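For clarity, every value in this text was computed on a predicted model and none was experimentally measured.
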Amino acid sequence: WTIVEGRVGCKHPPKETGNDCMKRVFLTAALAGMTMVGAQASQAGSDPLGLWRMDSGKVTIEVSQCGQNFCGKIVDLAKPLNKNGKPKRDRENPDRSLRKRPIIGLIIINDMRPTGENRWEGTIYNADDGQTYDSKMKLRNDDLMIVEGCVLVFCKDMTFERVVSQ
(Lines give C-alpha, C1' and ligand atoms only; values in the text may rest on other atoms or scores of the structure.)
Protein backbone atom coordinates (compact mmCIF):
# COMPACT_ATOMS: atom_id res chain seq x y z
CA TRP A 1 0.00 0.00 0.00
CA THR A 2 1.05 3.60 -0.57
CA ILE A 3 0.01 7.08 0.49
CA VAL A 4 -0.31 9.51 -2.39
CA GLU A 5 -1.67 13.03 -1.96
CA GLY A 6 -3.09 12.13 1.47
CA ARG A 7 -4.92 9.04 0.21
CA VAL A 8 -4.15 5.43 1.01
CA GLY A 9 -3.94 3.20 -2.02
CA CYS A 10 -2.89 -0.35 -2.73
CA LYS A 11 -0.31 -1.60 -5.15
CA HIS A 12 -0.95 -5.22 -5.88
CA PRO A 13 2.16 -7.36 -5.71
CA PRO A 14 1.85 -10.66 -7.45
CA LYS A 15 -0.72 -12.97 -5.80
CA GLU A 16 -2.28 -10.17 -3.67
CA THR A 17 -5.85 -9.07 -4.13
CA GLY A 18 -7.29 -5.65 -3.33
CA ASN A 19 -8.98 -7.14 -0.25
CA ASP A 20 -5.64 -8.43 1.11
CA CYS A 21 -4.10 -5.01 0.72
CA MET A 22 -7.01 -3.26 2.45
CA LYS A 23 -6.83 -5.75 5.33
CA ARG A 24 -3.17 -4.77 5.81
CA VAL A 25 -4.08 -1.05 5.67
CA PHE A 26 -6.83 -1.45 8.30
CA LEU A 27 -4.63 -3.62 10.55
CA THR A 28 -1.81 -1.07 10.38
CA ALA A 29 -4.19 1.80 11.15
CA ALA A 30 -5.70 -0.11 14.09
CA LEU A 31 -2.24 -0.86 15.54
CA ALA A 32 -1.19 2.78 15.13
CA GLY A 33 -4.38 3.90 16.90
CA MET A 34 -3.81 1.52 19.82
CA THR A 35 -0.22 2.74 20.13
CA MET A 36 -1.39 6.37 20.26
CA VAL A 37 -4.05 5.59 22.91
CA GLY A 38 -1.45 3.75 25.01
CA ALA A 39 0.95 6.67 24.73
CA GLN A 40 -1.75 9.12 25.82
CA ALA A 41 -2.67 6.95 28.81
CA SER A 42 0.95 6.77 29.96
CA GLN A 43 1.29 10.56 29.63
CA ALA A 44 -1.89 11.16 31.60
CA GLY A 45 0.02 10.43 34.80
CA SER A 46 -1.33 9.39 38.15
CA ASP A 47 -4.29 10.75 39.98
CA PRO A 48 -4.50 11.89 43.59
CA LEU A 49 -7.53 9.78 44.51
CA GLY A 50 -7.27 8.02 47.86
CA LEU A 51 -6.04 8.53 51.41
CA TRP A 52 -3.11 10.84 52.21
CA ARG A 53 -1.43 11.53 55.57
CA MET A 54 0.47 14.74 56.19
CA ASP A 55 4.13 13.92 56.82
CA SER A 56 3.79 15.34 60.35
CA GLY A 57 0.99 12.81 60.99
CA LYS A 58 -1.32 15.66 62.09
CA VAL A 59 -4.07 15.03 59.54
CA THR A 60 -5.24 12.40 57.03
CA ILE A 61 -7.35 13.45 54.07
CA GLU A 62 -9.30 11.56 51.46
CA VAL A 63 -9.08 12.98 47.95
CA SER A 64 -12.06 12.14 45.76
CA GLN A 65 -13.66 13.17 42.50
CA CYS A 66 -16.09 16.09 42.90
CA GLY A 67 -17.71 16.63 39.52
CA GLN A 68 -14.93 17.25 36.99
CA ASN A 69 -12.41 18.23 39.68
CA PHE A 70 -10.92 16.87 42.90
CA CYS A 71 -11.72 17.70 46.50
CA GLY A 72 -10.38 16.46 49.82
CA LYS A 73 -11.91 15.97 53.24
CA ILE A 74 -10.38 15.33 56.63
CA VAL A 75 -10.92 11.71 57.65
CA ASP A 76 -8.59 11.49 60.66
CA LEU A 77 -6.63 13.68 63.05
CA ALA A 78 -3.67 12.71 65.23
CA LYS A 79 -5.44 14.64 68.01
CA PRO A 80 -9.17 14.53 67.24
CA LEU A 81 -10.27 15.80 70.67
CA ASN A 82 -9.97 19.28 72.15
CA LYS A 83 -8.59 19.94 75.66
CA ASN A 84 -12.07 19.17 77.09
CA GLY A 85 -12.12 15.71 75.50
CA LYS A 86 -14.71 16.65 72.85
CA PRO A 87 -14.34 16.30 69.06
CA LYS A 88 -12.62 19.32 67.51
CA ARG A 89 -14.93 21.78 65.74
CA ASP A 90 -14.51 24.40 63.02
CA ARG A 91 -14.47 27.14 65.68
CA GLU A 92 -12.42 29.67 63.68
CA ASN A 93 -14.82 29.74 60.73
CA PRO A 94 -15.81 33.35 59.91
CA ASP A 95 -19.40 32.14 59.41
CA ARG A 96 -20.73 31.70 62.97
CA SER A 97 -23.34 29.18 61.80
CA LEU A 98 -20.54 26.81 60.70
CA ARG A 99 -18.44 26.89 63.87
CA LYS A 100 -20.04 23.77 65.35
CA ARG A 101 -19.09 21.56 62.37
CA PRO A 102 -16.75 18.72 63.31
CA ILE A 103 -13.27 18.96 61.82
CA ILE A 104 -13.36 15.28 60.85
CA GLY A 105 -15.45 15.14 57.68
CA LEU A 106 -14.71 18.76 56.76
CA ILE A 107 -13.93 19.34 53.06
CA ILE A 108 -10.77 21.43 53.02
CA ILE A 109 -9.49 20.96 49.45
CA ASN A 110 -11.88 22.35 46.87
CA ASP A 111 -12.27 22.58 43.11
CA MET A 112 -8.82 21.23 42.17
CA ARG A 113 -8.73 21.65 38.38
CA PRO A 114 -6.02 20.07 36.22
CA THR A 115 -3.30 22.50 35.11
CA GLY A 116 -0.75 20.05 33.74
CA GLU A 117 0.50 16.54 34.19
CA ASN A 118 -0.01 15.58 37.86
CA ARG A 119 -0.83 19.22 38.76
CA TRP A 120 -4.05 20.89 39.93
CA GLU A 121 -5.15 24.30 41.22
CA GLY A 122 -8.05 25.21 43.47
CA THR A 123 -8.50 26.36 47.06
CA ILE A 124 -7.72 25.03 50.51
CA TYR A 125 -9.54 25.83 53.74
CA ASN A 126 -7.43 26.11 56.90
CA ALA A 127 -9.55 25.24 59.93
CA ASP A 128 -6.79 26.56 62.23
CA ASP A 129 -7.48 30.15 61.13
CA GLY A 130 -10.82 29.85 59.31
CA GLN A 131 -9.38 31.19 56.04
CA THR A 132 -9.53 29.86 52.48
CA TYR A 133 -6.40 30.17 50.35
CA ASP A 134 -5.47 29.69 46.70
CA SER A 135 -3.87 26.29 46.43
CA LYS A 136 -1.81 24.10 44.12
CA MET A 137 -1.52 20.37 44.36
CA LYS A 138 1.03 18.17 42.62
CA LEU A 139 2.09 14.56 42.69
CA ARG A 140 5.83 14.06 42.90
CA ASN A 141 5.22 10.34 42.39
CA ASP A 142 2.41 7.87 43.05
CA ASP A 143 2.95 8.07 46.82
CA LEU A 144 4.01 11.68 47.49
CA MET A 145 1.77 14.74 47.09
CA ILE A 146 2.62 18.39 47.75
CA VAL A 147 -0.20 20.80 48.59
CA GLU A 148 0.62 24.50 48.61
CA GLY A 149 -1.52 27.23 50.12
CA CYS A 150 -0.83 30.86 49.17
CA VAL A 151 -1.72 34.37 50.30
CA LEU A 152 -0.50 36.87 47.73
CA VAL A 153 3.11 35.75 47.11
CA PHE A 154 3.57 33.95 50.44
CA CYS A 155 3.11 30.19 50.19
CA LYS A 156 3.37 27.20 52.50
CA ASP A 157 3.96 23.65 51.30
CA MET A 158 2.51 20.61 53.00
CA THR A 159 3.76 17.14 52.11
CA PHE A 160 1.37 14.19 52.12
CA GLU A 161 2.21 10.52 51.82
CA ARG A 162 -0.24 8.03 50.34
CA VAL A 163 -1.81 5.73 52.93
CA VAL A 164 -1.62 2.16 51.70
CA SER A 165 -4.66 0.02 52.54
CA GLN A 166 -3.92 -2.78 55.00
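Contact between N82 and P87 at its shortest, heavy atoms only, is ND2-O, 4.4 Å. Pairing each heavy atom of W52 with each of L139, the nearest pair is CH2-CD2, 3.7 Å. Minimum interatomic distance between P48 and V63 (heavy atoms only, all atoms of both residues): O-CB, 3.3 Å. The two atoms that bring P94 and G130 nearest to each other are CD-O, 3.0 Å, heavy atoms only. In plain terms, the two heavy atoms of L77 and K88 that are nearest each other are CD1-CD, 4.4 Å. In terms of heavy-atom proximity, A78 sits nearest to G57 at CB-O, 3.2 Å.
Sorted by first and then second residue, the disulfide bond (SG atoms under 2.5 Å apart) pairs involving residues 106-141 (not counting sequence neighbours) form an empty list. Under the ring pair (Phe, Tyr, Trp, His ring centres under 6.0 Å) criterion, the residue pairs touching residues 87-126 are F70-W120, with sequence neighbours excluded. Judged as a ring pair (Phe, Tyr, Trp, His ring centres under 6.0 Å), not a single pair has a partner in residues 90-117 (not counting sequence neighbours). Screening residues 57-149 for disulfide bond (SG atoms under 2.5 Å apart) gives C66-C71 as the qualifying pairs, with residues at least two apart or on separate chains. For the ring pair (Phe, Tyr, Trp, His ring centres under 6.0 Å) condition, no pair includes a residue of residues 72-97, sequence neighbours left out. Sorted by first then second residue, the disulfide bond (SG atoms under 2.5 Å apart) pairs that include residues 72-133, not counting sequence neighbours, number zero. For residues 82-121, no pair satisfies disulfide bond (SG atoms under 2.5 Å apart), with sequence neighbours left out.
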Worked check of side chain to side chain contact (heavy atoms under 4.5 Å, CB included) between L51 and I61
CA-CA 6 Å; L51 294 176; I61 62 171; over 6 Å; no
Pair M145, R162 - check side chain to side chain contact (heavy atoms under 4.5 Å, CB included), show working.
CA-CA 8 Å; M145 178 172 68; R162 190 179 295 274; over 6 Å; no
Working note: I109 + S135, criterion side chain to side chain contact (heavy atoms under 4.5 Å, CB included); need CA distance, chi angles, decisive distance, verdict.
CA-CA 8 Å; I109 294 175; S135 182; 5.9 Å; no
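Remark: D95 engages no residue in a salt bridge (charged side-chain N to carboxylate O under 4.0 Å, His left out) (not counting sequence neighbours). Residues passing the side-chain contact (heavy atoms from CB on, under 4.5 Å) test with E148, sequence neighbours excluded: K136, C150, C155, D157. Under the side-chain contact (heavy atoms from CB on, under 4.5 Å) criterion, R91 pairs with no residue, sequence neighbours left out. In terms of the salt bridge (charged side-chain N to carboxylate O under 4.0 Å, His left out) criterion, R99 has no residue partners (sequence neighbours excluded). Residues satisfying the side-chain contact (heavy atoms from CB on, under 4.5 Å) test with K73, not counting sequence neighbours, are E62, V75, I107.
Both I74 and L49 belong to a common hydrophobic cluster when Ile, Leu, Val, Met, Phe, Trp and Tyr are linked at side-chain heavy-atom distances under 4.5 angstrom. Transitive grouping of hydrophobic side chains (ILVMFWY, heavy atoms separated by less than 4.5 Å) brings M54 and I104 into a common cluster. Follow the hydrophobic side-chain contacts under 4.5 Å out from L98 and you never reach I103; the two are in separate clusters. Under the 4.5 Å side-chain heavy-atom criterion for grouping Ile, Leu, Val, Met, Phe, Trp and Tyr, I108 is connected to V151 within one hydrophobic cluster. At a threshold of 4.5 Å between side-chain heavy atoms, the hydrophobic network of Ile, Leu, Val, Met, Phe, Trp and Tyr places V163 and V59 in two separate groups.
For the pair V147 and M137, the minimum side-chain heavy-atom distance is below 4.5 Å. You'll find the side chain of L144 reaches within 4.5 Å of the side chain of E161, heavy atoms only. No side-chain heavy atom of R119 sits less than 4.5 Å from a side-chain heavy atom of P114. A heavy-atom distance below 4.5 Å is not found between the side chains of I124 and K156.
In this structure, the separation between CG on N126 and CD on E92 is 9.5 Å, given to the nearest 0.5 Å.
The backbone N or O of K138 sits nowhere less than 3.5 Å from a side-chain atom of R140 that would complete a donor-acceptor pair. Looking only at distances, a side-chain donor or acceptor of N118 sits under 3.5 Å from a matching main-chain atom of S46.
Residue R101 qualifies as enclosed at atom CZ: its count of foreign heavy atoms under 6.0 Å is above 12. Counting heavy atoms of neighbouring residues, nucleotides and ligands inside a 6.0 Å radius, atom CZ of R53 does not exceed 12 of them.
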